[in-house]
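Just so it is clear: chains get the letters A, B, ... in the order the sequence lines come, proteins before strands, and each one is counted from 1.
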Amino acid sequence: MSWTIVVGVKQVPDADEVGIDPDTGRLDRASAPAVMNGPDREALEAAFRIRDQAGGEVIAMSMGPPNATSVLEEAVAMGCDDAVLVSDRAFGGSDTWPTSLTLARTAEALDADVVVCGEETTDSSTGQVPPGIAAHNDWAQLTYAEAVDARPDENRLVARRDVEGGHEVVAADLPVVVAAAYGEFEPRPAPLHRKIYGENDFEPTVWDAEDLEIKDEVGLEVSPTSVGGMETVDPVERKGEVVDDVDDLAESIEEVVA
Amino acid sequence: MSDEGEGEGDGEEHENGVVDVDEYEDVWVFIEEHDGEVMSVSWELLAEARTLADELGDDLVALAIGEGLDDVAEQALERGADRVLVADDPVFEPYRADPYGEQFRAIVEERKPSIVLIGGTHTGRDFAGRVAVPAHAGLTADVTELGVDEDGLLEARRPAFGGNVLATILCEEHRPQMATIRPGVFEAADPDGEADGEIVEVDVVVEDDDCVSEVLEREVGDTADITEADRIVAVGHGIDGDLEPARQLADALDAEIAASRAAVDEGWVDGARQVGQTGKTVRPELYVAVGISGAVQHLEGMNKSETVVAINNDPNAPIFEHADYGIVADLFDACPDLAEELEGVTEPQEVVQ
Ligand SMILES: Cc1cc2nc3c(=O)[nH]c(=O)nc-3n(C[C@H](O)[C@H](O)[C@H](O)COP(=O)(O)OP(=O)(O)OC[C@H]3O[C@@H](n4cnc5c(N)ncnc54)[C@H](O)[C@@H]3O)c2cc1C
Ligand SMILES: Cc1cc2nc3c(=O)[nH]c(=O)nc-3n(C[C@H](O)[C@H](O)[C@H](O)COP(=O)(O)OP(=O)(O)OC[C@H]3O[C@@H](n4cnc5c(N)ncnc54)[C@H](O)[C@@H]3O)c2cc1C
């Protein structure tokens with residue numbers, strides 16, 4: 001018994017580098033370096049834990065432009081067995097509906113038993129892609145998973161879920177989509193041989209929309225939502241008074257609450 | 001994104017999930033309840049949706065899924081719903097994504113609402129996609145502002161890129177226009193005591209045998225509602241597992257304890273008290289950030305506070321730029337000292353549980 005565990009890895013602009021263009025006052029994300037979405041490192045760790053328990057392979061998948069290869073190389077360097085880049089100009093303008101369709105078809109093509117995703121991305125942060133993958137394939141899902149427990153003999157995956165104001169332990173039939181709760185899966189150090197292989201020799205398999213037979217089901221045309229406009233948000237004005245001793249601070253607070 | 005959409009909206013030939021939008025009407029709000037206990041975001045949405053429905057000349061419809069929902073349905077009517085749809089069956093208790101999603105989808109496809117609002121809780125964000133995907137509906141995530149344009153189209157605004165931008169998301173040719181809304185951004189209205197709308201029992205379309213998941217255990221923890229608190233002492237990673245100094249300060253100020261995600265992830269404070277992008281939006285008159293660095297994702301949840309105070313031992317911590325008053329000090333000294341000075345300055349506030 002061994003499982004195929006597929007991990008969704010997205011390339012995003014480096015959150016710390018996304019700034020406001022001083023000339024136009026607009027968000028400047030083009031010049032920010034592209035990196036792996038932080039929460040996806042934890043998704044990889046969750047996948048490795050499942051592999052430790054159930055045996056099998058971890059395969060990273062990314063839907064993105066050709067240069068998203070770099071996040072897949074990184075995923076392999078972190079310990080994935082293989083990786084697939086799904087790339088096609090036809091994907092342009094996709095909202096979460098076709099994005100999750102594309103990833104759902106990729107997972108199916110890879111014969112996934114488990115798909116692991118991050119909780120959400122640091123760019124558009126919808127968190128809708130993991131349930132979207134599950135919905136397109138009519139699979140089970142376990143979101144906000146804080147711990148995973150593979151049960152190959154039952155053909156189920158059990159997760160402890162954070163349900164806000166409590167926890168629950170849920171068992172799901174395979175195939176299942178897991179979204180790993182951010183902050184709960186500290187990535188393990190990369191094994192050196194994988195690191196060298198991932199960074200130097202590895203090339204991902206590349207699939208396009210034709211390969212997945214979804215040419216007419218992706219892109220702007222099938223996306224129900226569109227971005228009507230983006231405004232940069234001005235920071236809330238604050239006084240910014242820093243005092244030296246507690247007495248002064250107490251005085252300011254007293255004025256507020258009295 | 002370019003605007004080369006072709007809009008194949010006419011006649012029967014609807015492609016790509018495009019529908020005749022005129023066939024869809026009414027504003028729906030999902031009433032999230034667990035064990036009969038309604039999440040406050042549902043009442044916040046009901047109040048906001050009343051305004052939207054009035055603007056559009058639509059009915060306001062509440063939808064509840066669970067077991068033993070008579071009370072919940074009654075409350076929804078008292079809080080302004082024109083109609084309540086209930087799917088009442090043991091299969092829905094406790095919550096699971098697959099039966100909820102499937103039931104919700106069936107009701108949506110049968111009754112064709114124009115707008116569907118769902119609280120952006122873990123539960124709401126868990127199943128919303130299981131409705132939107134098969135219905136081919138537009139689903140906007142984490143909305144903080146809602147409006148309608150001159151054509152009656154929903155304008156859902158949401159923060160992106162860690163809160164640096166506010167994007168307006170539209171859903172022009174698909175229905176329903178669905179959105180999950182952050183808890184705490186809208187204010188709930190008081191029930192007016194009148195419940196003259198109707199309660200409609202819908203057909204339950206799911207059975208336990210079809211479910212692909214099973215809840216093995218469920219423990220209810222801290223369910224405090226920090227969104228209503230007047231004063232908040234929020235702790236961050238800087239407290240290093242020791243809540244005592246912050247508690248002393250909170251007692252002196254009669255404040256609720258809240259936390260950054262880092263403190264929640266460490267298990268020091270329960271998730272119900274998390275402030276920020278993936279937590280709650282709060283609006284107290286006083287917000288004291290103790291040992292919190294001031295990451296964008298945290299600021300997003302505290303920006304509506306009237307006055308912000310920061311206690312941090314790093315003079316370069318970003319939180320100072322987002323605070324009205326700050327002190328560069330070790331929190332283990334500053335909190336007890338401050339607590340002592342402030343003892344008894346406030347009238348006790350109601351404890352929200
Ligand atoms: C400002 C802005 C706002 C937007 N708002 C909406 C909206 O409200 N609704 C909507 O439908 N669309 C929206 N979109 C479009 C949306 O960003 C894209 O569909 C996006 O590709 C996927 O969403 P996400 O980044 O939010 O993923 P999330 O759902 O936040 O991602 C969760 C996890 O899914 C996996 N994953 C996500 N994308 C990929 C990928 N490309 N490859 C591999 N794994 C992946 C990762 O594991 C990730 O951690 C918006 C776009 C912009 C620019
Ligand atoms: C997708 C996503 C969603 C997120 N959502 C949220 C969210 O909803 N809410 C949220 O808060 N974060 C969120 N985060 C995490 C966020 O980016 C930060 O990591 C987090 O807010 C940091 O928490 P912190 O300020 O408590 O910890 P740190 O950044 O570690 O800061 C600790 C601070 O304590 C100070 N300190 C240390 N010791 C002392 C002392 N003895 N006395 C005084 N000060 C001291 C330090 O100087 C430092 O400034 C999210 C991140 C991602 C990627």
Do Arg160(A) and Glu217(B) pass the salt bridge (charged side-chain N to carboxylate O under 4.0 Å, His left out) test, and can you show the C-alpha distance, the side-chain angles, and the key distance before you say yes or no?
CA-CA 9 Å; Arg160(A) 177 179 152 94; Glu217(B) 258 176 70; over 6 Å; no
Qualifying salt bridge (Lys or Arg N to Asp or Glu O under 4.0 Å) pairs, either residue in residues 32-44 of chain A, two or more places apart
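As it turns out, the salt bridge (Lys or Arg N to Asp or Glu O under 4.0 Å) pairs with a partner in residues 32-44 of chain A, which skip direct neighbours, are Arg41(A)-Glu74(A).
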Applying salt bridge (Lys or Arg N to Asp or Glu O under 4.0 Å) as the test, list every pair that has at least one member in residues 121-136 of chain A; sequence neighbours left out.
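Listed by first then second residue: Lys10(A)-Asp123(A).
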Please classify the contact between [X] and chain A as side chain, backbone, both or neither, with a heavy-atom cut-off of under 4.5 Å.
X	result
Asn303(B)	both
Val328(B)	both
Arg261(B)	side chain
Ala137(B)	backbone
Met302(B)	backbone
His122(B)	both
Arg158(B)	side chain
Ala329(B)	neither
Glu172(B)	both

Ignoring hydrogens, what is the shortest heavy-atom contact between Ala134(A) and Arg130(B)? Give both atom names and the distance.
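Reported closest heavy-atom pair: CB-NH1, 3.5 Å.
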Closest non-hydrogen contact found for Val165(B) with Val233(A) is C-CG2, 3.6 Å
Based on non-hydrogen pairs under 4.5 Å, which of [options] is most in contact with chain A?
options	answer
Arg218(B), Glu219(B), His136(B), Glu341(B)	His136(B)
Leu170(B), Thr278(B), Thr307(B)	Leu170(B)
Gly129(B), Ala262(B), Cys171(B), Pro159(B)	Cys171(B)
Asp126(B), Asp337(B), Leu342(B)	Asp126(B)
Gly326(B), Gly138(B), Ala167(B)	Gly326(B)
Gln297(B), Arg157(B), His174(B)	His174(B)

For Arg125(B) and Gln128(A), run side chain to side chain contact (heavy atoms under 4.5 Å, CB included): C-alpha distance rounded to whole Å, both residues' side-chain angles, the deciding distance at 0.1 Å, then the answer.
CA-CA 7 Å; Arg125(B) 298 180 98 216; Gln128(A) 290 172 2; over 6 Å; no
Glu231(A), part contacting chain B, at a heavy-atom distance under 4.5 Å:
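Looking at Glu231(A), backbone and side chain both touch chain B.
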